[in-house]
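So the structure is just underneath, and the comments pick up after that.
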Amino acid sequence: MIFEANSGVPCRGFYSPALEFQPLAAAAVVEQFLDSDAPRRYEPGVRYFMGNRHDD
């Protein structure tokens, strides 16, 4: 839930239709994210919501 809220990456595929966690599916989505240019857009210590910087 935290990864989806911060990144905006849909995490629906992390779970089976019976709502059982699917670790290999989750790992594949996270690996795709990490292999993309997306992580470079995030700054340490900054809050994000749906991939957008959230300044309070």
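This is a predicted model, so every value here is computed, not measured.
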Closest approach of A25 to G13 (non-hydrogen atoms, all atoms of both residues): CB-O, 3.4 Å
Non-neighbouring partners of F33 that pass side chain to side chain contact (heavy atoms under 4.5 Å, CB included), sequence neighbours left out: F3, S7, V9, A38, P39, Y42
Got a second to check how far R12's CZ is from E4's CD, nearest 0.5 Å? 7.5 Å
Working to the nearest 0.5 angstrom, can you tell me the gap between Y15 OH and E20 CD? 11.5 Å
Spell out, as yes or no, whether a donor-acceptor pair under 3.5 Å connects the side chain of Y48 to the backbone of E43. yes
Please give the remaining members of the hydrophobic cluster of M50, linking ILVMFWY side chains under 4.5 Å, ordered by chain and number. F49
Around atom CG of L34, are there more than 12 heavy atoms from other residues, nucleotides or ligands closer than 6.0 Å? yes
